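Numbers here simply count residues along the sequence, with the first being 1. Keep in mind it's a predicted model, so treat the numbers as computed, not measured.
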Amino acid sequence: MRQIEIYDTTLRDGAQSEGINYSVSDKLKIIKKLDKLGIHYIEAGWPGANPVDNEVFDAIDYDNLKNAQIAAFGCTRKPNVKEEDDNVLKMLVNSKAKVITIFGKSWDFQVTEALNTTLEENLNMIKGSITFLIQNGKRVFFDCEHFFDGFKANPDYALLVAKTAHKAGAERIILCDTNGGCINNEIYKITKTVVEAIPEALIGIHAHNDSELAIANSLASVDAGAYQVHGCINGYGERCGNTNICSLIPNLQLKKGYNVIGDNISKLYNTSRQIAEISNKSLNASMPYVGRSAFAHKAGVHASGVRKNSQTYEHIDPSLVGNTRRFLISDQAGSASIKERLDGLKFVQNISDEDIKKIINEIKKLEWQGFAFEGADASFEILVMKVLNKQPNFFNILGFRVIGDTITLSDVNRRTISEASVKIQIEDEIIHTVSEGDGPVNALDKALRKAIVEKYPEVLHFKLDDFKVRILDSKAATGAPVRVTIESSDGIHKWDTVGVSENIIEASYGAIVDSIYYGLILQGTKSIEPANF
């Protein structure tokens with residue numbers, strides 16, 4: 001089987017999707033998910049483009065990546081500027097990434113109109129930039145921007161660009177359908193021409209989905225000899241998105257027999273959902289392979305046929321990509337996916353098949369209410385503890401209340417003060433505390449910590465790092481249920497919790513309580529009643 005490399009650009013091209021705004025923490029989480037999936041290269045961003053990307057490249061735990069190598073993205077030097085004086089190249093050299101992917105113009109129209117320089121100078125920019133990066137200890141990949149449009153307009157020049165980059169030392173020459181307007185037979189013919197013209201080069205494909213052909217174009221390019229494929233998880237990307245890795249990998253590996261990520265392909269479903277949750281994006285239920293509805297069957301001929309033999313209405317066994325079959329009239333939860341999650345729990349082990357059934361039933365009930373545990377591992381583990389009656393008891397919540405008051409400081413300056421009170425019970429003691437905060441969630445968090453800090457001083461180390469709100473039913477307008485996801489840390493560990501309610505404050509409070517409980521469990525805090533685990 002021929003090896004095909006997957007180059008993920010979710011954190012760069014995918015981050016340019018409308019509605020996606022990754023924090024440093026988000027990017028670091030996604031890198032771990034992609035590495036676990038077996039992705040070969042992860043483009044983490046553009047050093048110098050923004051403070052988030054700068055911090056990400058410094059924070060990546062390079063030594064503990066098991067499968068992936070980190071790539072930094074940038075461009076060739078500016079026209080008529082020395083490489084050592086170009087700010088972009090200097091930022092790339094200073095990044096900790098060993099692999100640098102730079103793009104350059106391969107369409108003569110773009111060179112003269114966008115760069116406003118000569119075709120010869122463009123070649124000098126490409127050659128000089130690649131040489132400079134290599135001399136500074138970097139491996140270089142070169143994105144031939146607008147390659148297919150450029151080839152159709154001026155094949156000799158587009159091919160000369162690719163040859164120049166290869167001769168300068170670029171390890172991968174990536175052909176880009178930047179505008180996403182090409183169709184697969186064009187992609188195949190042009191890729192094959194390049195492969196035959198530069199037989200010693202390793203060619204890649206970077207496709208956009210503006211014509212909804214990114215997958216077809218990527219597959220066509222691979223069939224023509226491409227070695228590396230670029231794409232994003234769930235098809236994220238600017239405009240209409242990039243090649244959807246979640247469809248690309250199974251098409252390459254299961255349908256065409258290429259060697260891509262091996263047995264890790266069974267993690268595809270969970271990875272898709274986890275990254276969607278981190279991205280704060282709803283996952284398309286009808287997405288091939290990894291969508292919730294990809295292997296869902298309603299009553300009638302289809303359901304009857306699948307029960308007799310799954311091949312009647314399923315093109316693959318859903319478990320190959322980690323998905324599960326569902327019969328919509330009697331929803332069958334996927335025990336295999338649940339078992340995989342249970343295997344990764346920190347504090348609960350040796351769960352029986354009977355216990356798994358109880359857990360699945362509880363998950364189904366909560367997911368119907370709007371809970372999602374893909375991005376909330378801490379809440380998931382607490383849920384398992386509750387179902388199995390193994391949750392330690394730190395405190396009991398008797399009630400809480402939040403009020404707000406707006407103070408007018410001037411005609412144009414007003415300040416809203418939130419005040420929260422909570423009542424809890426620890427052993428036989430009832431504690432009632434009040435606290436003000438910057439908003440109702442902050443006030444609740446402070447009031448709860450204030451109530452328990454004397455008994456559990458560990459909470460002084462807990463910090464809320466991130467806070468996300470998802471509207472679950474926009475048709476209900478302001479009365480819609482919401483899902484709140486909170487990321488917390490203690491300076492060493494990070495954990496995520498979730499809460500759901502029509503009341504955003506109640507949803508937030510549920511996530512906060514789970515966060516504090518899990519933090520205390522991580523600290524090994526003794527339960528006020530003997531724990532059963």
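The shortest side-chain heavy-atom distance between I431 and K455 does not fall under the 4.5 Å cut-off. Using a 4.5 Å heavy-atom threshold, the side chains of D353 and I356 count as touching. A 4.5 Å side-chain heavy-atom check between L283 and R273 finds at least one atom pair inside the cut-off.
Taking CD from E314 and CG from N323, the interatomic distance works out to 9.5 Å, rounded to the nearest 0.5 Å. D26 contributes atom CG, which lies 6.5 Å from atom CD1 of I278 (distance to the nearest 0.5 angstrom). The distance from atom CD of Q16 to atom OH of Y236, rounded to the nearest 0.5 Å, is 15.0 Å. Rounded to the nearest 0.5 angstrom, N67 CG and K36 NZ are separated by 11.5 Å. Interatomic distance, NZ of K32 versus NZ of K66, reported as 10.0 Å (0.5 Å rounding). The NZ atom of K364 sits 13.5 Å away from atom CD1 of I359, with the distance rounded to the nearest 0.5 Å.
Here the two rings, on Y517 and F395, have centers that are under 6.0 Å apart. The aromatic ring centres of W46 and F57 sit 6.0 Å or more apart.
Using modelled atom types, one finds no donor on one side chain facing an acceptor on the other under 3.5 Å when comparing T497 with S515. Side chains of S25 and E487: a donor-acceptor N/O pair is present below 3.5 angstrom, by distance only. If you check the side chains of N251 and Y289, you find a donor sitting under 3.5 Å from an acceptor. Residues D445 and N442 have side chains that never bring a donor and an acceptor to within less than 3.5 angstrom of each other. With hydrogens and angles left out, the side-chain atoms of E238 and S17 include no donor and acceptor closer than 3.5 Å. Under the 3.5 Å distance criterion, with hydrogens and angles disregarded, no donor-acceptor pair is assigned to the side chains of Q253 and N259. Looking at E381 and Y518, their side chains do bring a donor and an acceptor atom within 3.5 Å of each other. Between the side chains of N264 and K267, at least one donor-acceptor pair of N or O atoms lies under 3.5 Å.
Note on K33 versus D8: no salt bridge recorded, every NZ/NE/NH1/NH2 to OD/OE distance being 4.0 Å or above. Look at K29 and D496 and you find a salt bridge, because one of the NZ, NE, NH1 or NH2 atoms lies within 4.0 Å of a carboxylate O, short of that distance. Salt-bridge formation is detected for the pair R172/E5: a Lys NZ or Arg NE/NH1/NH2 atom is positioned less than 4.0 Å from an Asp or Glu carboxylate oxygen.
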inquiry  = Walk me through whether K357 and D355 qualify under salt bridge (charged side-chain N to carboxylate O under 4.0 Å, His left out).
reply    = CA-CA 5 Å; K357 292 179 183 178; D355 288 335; over 6 Å; no

key: Working for salt bridge (charged side-chain N to carboxylate O under 4.0 Å, His left out), residues R483 and E277   = CA-CA 11 Å; R483 180 165 67 237; E277 192 67 22; 3.4 Å; yes

inquiry  = Assess the residue pair F371 and I363 against the criterion (side-chain contact (heavy atoms from CB on, under 4.5 Å)); give the C-alpha distance rounded to whole Å, side-chain angles, the decisive distance to 0.1 Å, and a yes or no.
reply    = CA-CA 8 Å; F371 281 83; I363 288 172; over 6 Å; no

D53 and K27: CA distance, side-chain angles, deciding distance, salt bridge (charged side-chain N to carboxylate O under 4.0 Å, His left out) verdict = CA-CA 9 Å; D53 282 359; K27 285 199 170 192; 2.5 Å; yes

ask   = Stepwise, does the side chain to side chain donor-acceptor pair (under 3.5 Å) test hold for S293 with S286?
value = CA-CA 5 Å; S293 301; S286 298; 4.9 Å; no

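Residues meeting the side-chain hydrogen bond (donor to acceptor under 3.5 Å, both in side chains) test with S489, sequence neighbours left out: D465. Residues satisfying the salt bridge (Lys or Arg N to Asp or Glu O under 4.0 Å) test with E55, not counting sequence neighbours, are none.
Listed by first and then second residue, the ring-ring contact (aromatic ring centres under 6.0 Å, His included) pairs involving residues 6-45 are Y7-H230, Y41-F141 (not counting sequence neighbours).
The residue from D317, T324, I316 that alone fulfils the side chain to side chain contact (heavy atoms under 4.5 Å, CB included) condition with F295 is I316.
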